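In what follows, chains are A, B, ... by sequence order, proteins preceding strands, each numbered from 1. Quick caveat, the model's predicted, so the values are computed rather than measured.
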Protein chains: 2
Amino acid sequence: MAMKLDEDEGITMSQPKMTDVAKLAGVSPTTVSRVINRRGYLSAKTINKVEAAMHQLNYRPNTVARQLQSQKTMTIGVLVPTVANPFFGELTFQLEHYLFNAGFKVLVGNAENDIGKERRYLQQLLARQVDGLVIATHNHQQQIPEYQNANLPIVSIDRYLRATIPNVSSDNYAGGRLATEELIRRGAVHIIHTDSVERFNKRDYLRQQAYQDVMREHGLTPVTYKIDFNSRPDRLQAFFNRIFDEHPEVDAFFTSNDMDAIQLLQVARQRGIAVPDQLQVIGYDGVPTTTQIVPELSTIVQPLDEMAKTAVDLLQREIRGDQVAGSHKLPVKLRVSGSLR
Amino acid sequence: MAMKLDEDEGITMSQPKMTDVAKLAGVSPTTVSRVINRRGYLSAKTINKVEAAMHQLNYRPNTVARQLQSQKTMTIGVLVPTVANPFFGELTFQLEHYLFNAGFKVLVGNAENDIGKERRYLQQLLARQVDGLVIATHNHQQQIPEYQNANLPIVSIDRYLRATIPNVSSDNYAGGRLATEELIRRGAVHIIHTDSVERFNKRDYLRQQAYQDVMREHGLTPVTYKIDFNSRPDRLQAFFNRIFDEHPEVDAFFTSNDMDAIQLLQVARQRGIAVPDQLQVIGYDGVPTTTQIVPELSTIVQPLDEMAKTAVDLLQREIRGDQVAGSHKLPVKLRVSGSLR
DNA sequence: GTGAAAGCGCTAACAG
DNA sequence: CTGTTAGCGCTTTCAC
């Protein structure tokens with residue numbers, strides 16, 4: 001029956017608040033607040049009384065009220081194209097992991113490559129609902145004015161937003177060089193690079209730039225195809241089939257992400273092209289989940305773990321008031337597997 | 001220079017509030033509030049003045065203050081094992097999609113199969129920081145007392161939490177039957193079922209139950225192996241190798257999820273077992289991303305889209321005060337592909 | 001050691 | 001059509 005106490009007293013009562021606890025414990029709300037926050041001098045007796053009362057009422061301090069008072073939400077907004085994509089799923093996971101350890105919660109939004117949705121998220125989140133923002137979407141920043149006059153700590157992932165917004169990415173230039181040089185070293189000559197169309201700034205073209213530089217240094221002709229990141233599988237397959245038709249001499253691909261590389265491997269199999277003997281492939285990303293599913297794919301591994309850690313670190317510094325603009329590049333490494341000979 | 005107005009006035013000013021707008025527009029805060037919320041009668045002139053002032057100050061109403069006043073956060077907490085897993089990534093995506101359309105934001109937490117972390121999330125979120133919760137984690141609910149006295153709308157996904165908490169799942173029994181019957185129909189006799197160890201309630205055993213029922217109906221001997229959902233790839237491979245060693249006669253598998261099925265296919269390839277000629281495989285989940293990556297896998301497709309929609313619908317009804325307990329099962333379908341002969 | 005009063009930014013109730 | 005007042009639940013001065 002003692003166990004029923006809460007219900008007896010509380011079944012009709014809405015959520016208890018501080019004054020309820022204070023009344024039950026026979027102290028003032030201020031004292032209850034002090035006990036919760038362990039602030040100031042308190043007698044052991046008072047602490048016990050208050051804690052007993054809180055327990056009895058199953059009291060939880062109202063987070064929103066504390067947020068209003070403290071002017072902090074301890075929440076970070078994370079905007080990605082979609083967490084359904086393994087890359088952004090892993091990124092979101094890593095961000096949440098580090099943010100949680102730093103005391104923050106995560107509000108996620110899938111922009112779904114919809115500029116309108118991204119803007120609506122920004123409008124809501126910029127209204128002091130979060131203490132900061134991590135932006136990993138792909139939409140054209142110039143169509144999203146909110147980024148220009150945003151007055152909140154922001155970190156972008158692998159994307160240029162504004163001079164004063166720090167950006168975290170893998171070392172795209174090094175990755176592009178690494179992939180291209182490796183393919184050449186292994187005998188490839190007709191190497192095609194596929195890249196995303198969603199790049200709107202020179203700083204976002206570094207993989208392609210590296211590929212072209214390396215090709216030219218070796219006296220080879222660079223060929224780059226642009227892929228729409230949103231392409232459904234069937235359109236992707238048609239896309240790769242077209243490349244094979246237009247370039248029957250191709251003996252290697254460097255794709256801008258692993259999902260594309262995987263589609264490419266399927267098309268190659270359908271066309272009876274042997275990998276790696278006739279065709280070598282290197283992707284980009286190296287997300288653990290994808291690697292687990294398709295271990296034979298060679299790829300440039302982005303250190304998503306370190307990238308998330310860096311992003312969280314930068315964000316915390318921004319929140320503290322530091323200036324931390326600039327491009328933060330993390331080292332990549334090559335994962336050699338069955339798609340290389 | 002007119003473009004610089006904001007900065008001239010606002011560079012040193014912190015975030016403007018309603019009184020700032022009111023002062024600039026020469027009205028009371030209440031009127032500003034009315035304009036924002038389009039409530040009551042307002043003269044066109046006043047609306048214009050206020051909107052001009054809001055625009056000039058780049059004013060955004062403080063969300064937290066509104067939340068405190070309205071006693072609503074329009075935010076839903078979503079707890080999953082990890083969004084890095086394609087199944088939960090897709091689930092989270094779908095949930096966010098429907099929640100956004102219903103006006104809600106999403107706070108995600110990765111429980112990481114850590115009971116402590118799941119509890120800390122619950123303690124925080126139950127403190128009125130969200131208007132409801134979607135629980136898709138795998139931890140043992142009996143080790144998480146918060147679920148028993150949680151005083152907030154909750155929906156669970158494919159998992160029993162408490163009698164009064166509605167649960168959404170695919171029709172696991174039908175799915176188990178469908179898979180097993182299909183394998184038998186296609187000539188399999190020694191069919192092994194692998195299932196997750198993270199099932200703590202009879203209601204969570206329906207796939208296994210269906211498998212066993214069908215096997216017995218056909219005079220076959222059911223063999224179920226339990227897998228730890230968290231197993232790293234190498235441990236999973238060792239696990240499947242052990243099964244092959246212990247049951248060299250096996251000619252089909254029905255696995256409890258596609259990731260396991262994919263590892264199984266890799267082990268079969270390593271051992272030189274031909275799929276589907278020597279071994280047929282049916283997985284469970286049928287997430288679009290996974291299907292795109294491994295199209296040859298046959299599987300029972302869960303309608304994640306419909307499940308998310310249903311969960312959001314139930315949650316909204318709970319928030320309105322309706323009683324909506326019970327188990328909500330959605331129909332599955334078989335996807336036939338290369339791993340079936 | 002503890003309490004009373006003011007205020008975080010907004011909106012609902014009540015006037016006028 | 002618009003303003004004044006009070007209050008959402010908490011914390012932070014400032015007293016005592």
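Both tests hold for B:K117 against A:F100: distance to the six-membered ring centre under 6.0 Å, angle to the ring axis within 45°.
The listed nucleotides are C:dG1, C:dC10, D:dC10; the one nearest the side chain of B:P61 is C:dC10. Distances were taken from every side-chain heavy atom of B:M18 (C-beta onward) to each of C:dT2, D:dT2, C:dT11; the shortest belongs to C:dT11.
For the OP1/OP2 pair of C:dG9 and a distance below 4.0 Å, the side-chain nitrogens and oxygens of A:Q71 include at least one atom meeting the criterion. For A:R39, a side-chain nitrogen or oxygen approaches OP1 or OP2 of D:dT12 to under 4.0 Å. Contact check, A:R66 against D:dG9: no side-chain N or O comes under 4.0 Å of OP1 or OP2. For C:dC8, neither phosphate oxygen OP1 nor OP2 lies less than 4.0 angstrom from any side-chain nitrogen or oxygen of B:N62. Between D:dT2 and B:S28, no contact under 4.0 Å exists linking OP1 or OP2 to a side-chain N or O.
Between A:I76 and A:L107 there is no side-chain heavy-atom pair separated by less than 4.5 Å.
Spacing between atom NZ of B:K72 and atom P of C:dT11 amounts to 13 Å, rounded to whole angstrom units. Whole-Å rounding puts the A:K23 NZ to C:dG3 P distance at 14 Å. Between the P atom of D:dC1 and the CG atom of B:N48 lies a distance of 14 Å, rounded to the nearest Å. Distance, A:N37 CG to D:dC10 C1': 9 Å, rounded to whole Å. Atom CD of A:Q67 is separated from atom P of D:dG9 by 15 Å (rounded to the nearest Å). Rounded to an integer number of Å, the gap from NZ of A:K17 to C1' of D:dC8 is 8 Å. Per the geometry, OH belonging to B:Y41 stands 10 Å off C1' belonging to D:dC1, to the nearest Å. The separation between B:R38 atom CZ and D:dT2 atom P is 13 Å, rounded to whole Å.
At a cut-off of 3.5 angstrom, the base of C:dG9 holds no donor-acceptor pair with the side chain of B:Q69. Interface remark: the B:T30 side chain does form a donor-acceptor pair with the D:dT4 base, using a distance-only criterion of under 3.5 Å.
Take the nearest nucleotide of DNA chain C for B:R34 and for B:L68: the residue whose nucleotide is more 5' is B:L68. Toward the 5′ end of DNA chain D lies the nearest nucleotide of B:K49, the other residue of the pair B:K49 and B:S70 mapping further downstream.
Here B:T19 lies out of heavy-atom contact (under 4.0 Å) with every strand. Within 4.0 Å of B:V32, counting heavy atoms only, lies no atom of the nucleic acid at all. Using a 4.0 Å heavy-atom criterion, one finds that B:V64 contacts no nucleic acid atom at all.
The side chain to side chain contact (heavy atoms under 4.5 Å, CB included) test with A:L152 is passed by exactly one of A:V130, A:L125, A:D131: A:V130. Shown are A:T92, A:V134, A:N139, A:L122; of these, the side chain to side chain contact (heavy atoms under 4.5 Å, CB included) with A:L79 is made only by A:L122.
Between A:H140 and A:Y147, the ring centre distance reaches or exceeds 6.0 Å.
A side-chain N or O of A:T31 and one of A:S28 form a donor-acceptor pair less than 3.5 Å apart.
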